[in-house]
Each structure stands twice: as C-alpha cells, then as structure tokens.
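A quick note: this is a predicted structure, and the numbers were derived from the prediction, not measured.
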Amino acid sequence: MARYFKEQDIDEFRECFYLFARSGQITSLDELTVVMRSLGMSPTIQELTGYLKGKGGKMSFADFLEVMHIHSRAENLPNEVVNAFKAGDPEKRGVVPARQLRNLLQSWGEGLSQREVDNIFREANVTNNGTVRYEDFVKIACAPVPDYY
C-alpha cells in the first residue's frame with residue numbers, strides 16, 4: 001500500500017494509528033472511527049463496520065493503510081461539495097453570491113473565522129459583492145496545501 005501514498009502521508013497515518021491503537025492493532029469500531037476521522041476522512045458507520053469485519057475484527061497498520069487507500073478512492077470530497085452546491089442551485093447557473101458563500105463558510109460545521117474566509121477569498125480571487133463559480137471555488141478550496149519544505 002505504500003506505493004499509493006506519499007512518505008509524509010504514511011508517517012502521519014502511522015503516528016495517528018499508534019496514538020489511538022496503543023496495542024498495535026485496531027480492535028474496535030470506536031478506535032477505527034477516531035483514527036480515520038482524525039485523518040480527515042468521513043466514513044459512515046456502515047463503511048467502518050465493513051472495513052473492520054473484512055479484517056476479522058483486528059486491523060494492523062498494514063491493513064489500515066489498505067483501508068485508507070480503499071476509502072480515499074471512494075470518498076471524493078470535492079465532488080460531494082459541488083453536488084451540494086448544485087442541489088441548492090435550482091436554476092443551474094453554477095454560481096453563488098459571495099455573501100451567501102461567506103455566510104455558509106462561517107456558520108456551517110465548525111465555522112471559519114472572518115479572517116480565514118478572507119484568506120480563502122483572497123486565494124480564490126473572490127470579491128465580497130460578486131458571484132462565485134462554485135465548481136472553480138471548490139477546486140481551489142480543496143486543493144492540497146503547498147509543501148514548502
């Protein structure tokens with residue numbers, strides 16, 4: 001499975017895995033849930049149960065890497081976000097007012113601060129009074145953070 005991830009990602013996965021699976025194996029649904037969600041994944045309970053059952057109720061780090069690879073291929077966050085925008089766009093215009101987008105980013109989920117939204121808007125060249133092509137915005141917002149070291 002190492003060929004599917006960057007060395008830096010594997011190091012992060014390993015650190016998180018052993019932080020929560022102190023015995024060296026994941027043996028409960030709670031452990032698997034915490035580890036995967038800590039790594040930014042959003043698996044459902046059914047998916048988690050299937051992964052754990054598929055490994056006989058115990059998961060080594062190598063098994064966990066395989067599960068992360070399988071799940072990362074199944075979970076496509078940018079498409080899910082674009083589909084959510086499309087669901088709220090009955091006219092199928094492909095745009096959202098910048099003020100509405102700002103409100104969504106600041107009030108949904110964990111909610112970003114005004115400064116965080118300002119930084120995202122600056123990066124995406126969004127003006128506060130304009131409209132935003134949500135497919136383009138999602139590509140920019142979901143792009144990996146550059147690795148400068």
Glu116, CD: over 12 other non-hydrogen atoms inside 6.0 angstrom: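 Count over threshold, so yes.
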More than 12 heavy atoms of other groups within 6.0 Å of Glu15 CD: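 Not more than 12 within 6.0 Å, no.
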Should [X] and [Y] be regarded as members of a common hydrophobic cluster, given that ILVMFWY residues are connected when their side-chain heavy atoms come within less than 4.5 Å of each other, either directly or indirectly?
X	Y	value
Phe61	Val34	yes
Val96	Phe137	yes
Leu104	Ile120	yes

Side chains of [X] and [Y], heavy atoms from C-beta outward: is any pair under 4.5 Å?
X	Y	value
Leu101	Phe121	yes
Met41	Ser72	yes
Glu12	Leu39	yes
Ile45	Leu29	yes
Tyr51	Phe64	no

Out of curiosity, [X] [atom1] to [Y] [atom2], how far, rounded to the nearest 0.5 Å?
X	Y	atom1	atom2	answer
Lys58	Leu52	NZ	CG	11.0 Å
Leu48	Gln46	CG	CD	9.0 Å
Gln114	Leu105	CD	CG	12.5 Å
Leu32	Arg37	CG	CZ	9.5 Å
Leu112	Arg115	CG	CZ	13.0 Å
His69	Glu66	NE2	CD	8.5 Å

Glu31 vs Gln25, side chain to side chain contact (heavy atoms under 4.5 Å, CB included): CA-CA, chis, key distance, verdict: CA-CA 9 Å; Glu31 286 176 331; Gln25 290 191 327; over 6 Å; no
Using every non-hydrogen atom in the two residues, find where [X] and [Y] come nearest and quote the distance to one decimal.
X	Y	result
Asp89	Arg93	OD2-N, 3.0 Å
Val95	Tyr134	N-CE2, 3.5 Å
Ile26	Ala21	CG1-CB, 3.8 Å
Tyr18	Gly24	CE2-CA, 3.7 Å
Val35	Cys16	O-SG, 3.8 Å
Ile10	Phe5	CG1-CB, 3.7 Å

Salt bridge (charged side-chain N to carboxylate O under 4.0 Å, His left out) involving Asp118 - partner list, sequence neighbours excluded: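 Applying salt bridge (charged side-chain N to carboxylate O under 4.0 Å, His left out) to Asp118 gives Arg102.
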side-chain hydrogen bond (donor to acceptor under 3.5 Å, both in side chains) partners for Asp11, two or more places apart: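 Asp11 satisfies side-chain hydrogen bond (donor to acceptor under 3.5 Å, both in side chains) with Arg14 only.
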Stepwise side chain to side chain contact (heavy atoms under 4.5 Å, CB included) test for Val67 and Met36: CA-CA 10 Å; Val67 166; Met36 289 189 73; 4.1 Å; yes
Check: Arg99 main-chain N/O paired with Asn103 side-chain donor or acceptor under 3.5 Å: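 It does not hold such a pair.
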Asp63 versus Ser60, side-chain donor and acceptor atoms under 3.5 Å: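 There is such a pair between these side chains.
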